[in-house]
*Asks:* 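Please find one structure pasted underneath; my questions will follow.
Because the structure is predicted, anything quoted here is derived from the model rather than measured.
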Amino acid sequence: MGEPAEPFADRLELALRGLLELSVGVLSAMEEDVSPSDLRALQSLDHLGGAKVTALGEALGVPPSTASRISDRLTAAGLITREVAPDNRRATWLDLTAAGRAVLSGLADARARALERVTEAMGREEREALLLGAEGFARAYGSLDGAAR
């Protein structure tokens, strides 16, 4: 009998280290303009299609007071707007500005360019297998509820 096979999750984690390092490198390059926590807030607002401060806090897993401070920072930077919520005058509605959308677009473009540089060194079959696996992973991840993520 040979040695036991390495668990799938361990193999996957090792295989994805390069991808994670690439992503961290892209994020680090953007840190001059926007912090990682601010980028996460922008991504959450984009995903939510705008939101109240409380919903942003829930999406980020932070209390409303922290979400409010984050939204203050992003408003001052011109990346989001803060308005009275249409359904509750005591609540604040947050939404991305064109500049906020441009930051997210820049992040996606930078990540795509970095991925392209790496995948050009792969064979066609490897690229197709990577894409098939990544799409399956994204579907499975999307099907999980917030607590399971």
*Asks:* Run the side chain to side chain contact (heavy atoms under 4.5 Å, CB included) check on Leu79 and Asp38 step by step: do they pass?
*Replies:* CA-CA 10 Å; Leu79 301 175; Asp38 289 349; 5.9 Å; no
*Asks:* Are Leu94 and Lys52 side-chain neighbours, meaning at least one heavy-atom pair lies under 4.5 Å?
*Replies:*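 The answer is no, as the side chains (C-beta and beyond) never meet within the 4.5 Å cut-off.
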*Asks:* With rounding to the nearest 0.5 Å, note down the distance linking CD in Glu6 to CG in Leu12.
*Replies:*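 Here the interatomic distance stands at 11.0 Å.
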*Asks:* Under a 3.5 Å distance rule, please check whether Thr97 uses its side chain to pair with a backbone N or O of Thr81 as donor and acceptor.
*Replies:* no
*Asks:* Is Arg127 atom CZ crowded by more than 12 heavy atoms from other residues, nucleotides or ligands, each under 6.0 Å away?
*Replies:*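 It does: Arg127 CZ has more than 12 such atoms within range.
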*Asks:* Using the rule that Ile, Leu, Val, Met, Phe, Trp and Tyr join whenever any side-chain heavy atoms are under 4.5 Å apart, tell me whether Leu144 and Phe137 fall into a single cluster.
*Replies:* yes
*Asks:* Can you tell if the side chain of Ile80 reaches within under 4.5 Å of the side chain of Leu45, non-hydrogen atoms only?
*Replies:*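 They are in side-chain contact.
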*Asks:* Please tabulate, one pair per line, all N/O donor-acceptor pairs under 3.5 Å involving side-chain atoms of residues 63-71, not counting sequence neighbours.
*Replies:*
unit_1 : atom_1 : unit_2 : atom_2 : d
Thr66  : OG1    : Arg69  : NH2    : 3.2
Ser71  : OG     : Ala67  : O      : 3.4
Ser71  : OG     : Ser68  : O      : 2.8
Ser71  : OG     : Arg82  : NH1    : 2.3

*Asks:* Mind listing the closest non-hydrogen atom pair of Leu48 and Ala55 along with its distance?
*Replies:*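 The pair with the smallest heavy-atom distance is CD1-O, 4.3 Å.
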*Asks:* Can you confirm whether Glu83 sits close enough to Asp95 that some side-chain heavy atom of one is under 4.5 Å from a side-chain heavy atom of the other?
*Replies:*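 Answer no - side chains too far apart.
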*Asks:* Measuring only between side-chain heavy atoms, which start at C-beta, is Leu22 closer than 4.5 Å to Arg111?
*Replies:*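 Counting from C-beta outward, Leu22 and Arg111 do come under 4.5 Å.
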*Asks:* Tell me the closest heavy-atom pair linking Arg40 and Ala59, and the distance in Å.
*Replies:* NH2-O, 3.8 Å
*Asks:* What's the separation between atom OG in Ser23 and atom CG in Leu16, rounded to the nearest 0.5 Å?
*Replies:*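 Reported value, rounded in 0.5 Å steps: 11.0 Å.
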*Asks:* Find out if a path of hydrophobic residues (ILVMFWY) with successive side-chain heavy-atom gaps under 4.5 Å connects Leu60 to Trp93.
*Replies:* no
*Asks:* Any sub-3.5 Å donor-acceptor pair from Glu126's side-chain atoms to Gly123's backbone N or O?
*Replies:*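 Side chain of Glu126 to backbone of Gly123: a pair is present.
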*Asks:* With the 4.5 Å side-chain cut-off for hydrophobic clustering, are Val118 and Leu19 part of the same group?
*Replies:* yes
*Asks:* Kindly determine whether Arg17 and Glu13 satisfy salt bridge (Lys or Arg N to Asp or Glu O under 4.0 Å), including the steps that lead there.
*Replies:* CA-CA 6 Å; Arg17 281 188 185 171; Glu13 193 280 327; 3.1 Å; yes
*Asks:* Of all heavy-atom pairs between Leu56 and Ala41, which one has the smallest distance, and what is that distance?
*Replies:* CD1-O, 3.9 Å
*Asks:* Which distance, rounded to the nearest 0.5 Å, do you find between the CD of Glu58 and the OG of Ser44?
*Replies:*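 Reported value, rounded in 0.5 Å steps: 11.5 Å.
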*Asks:* Looking at Thr119 and Leu115, would you say the former's side chain and the latter's main chain have a donor-acceptor pair under 3.5 Å?
*Replies:* yes
*Asks:* Kindly compute the distance separating CG (Leu104) from CG (Asp109), expressed to the nearest 0.5 Å.
*Replies:* 11.0 Å
*Asks:* Is the backbone N or O of Arg101 less than 3.5 Å from a side-chain atom of Ser105, with the two atoms forming a donor-acceptor pair by type?
*Replies:*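 Side chain of Ser105 to backbone of Arg101: no pair is present.
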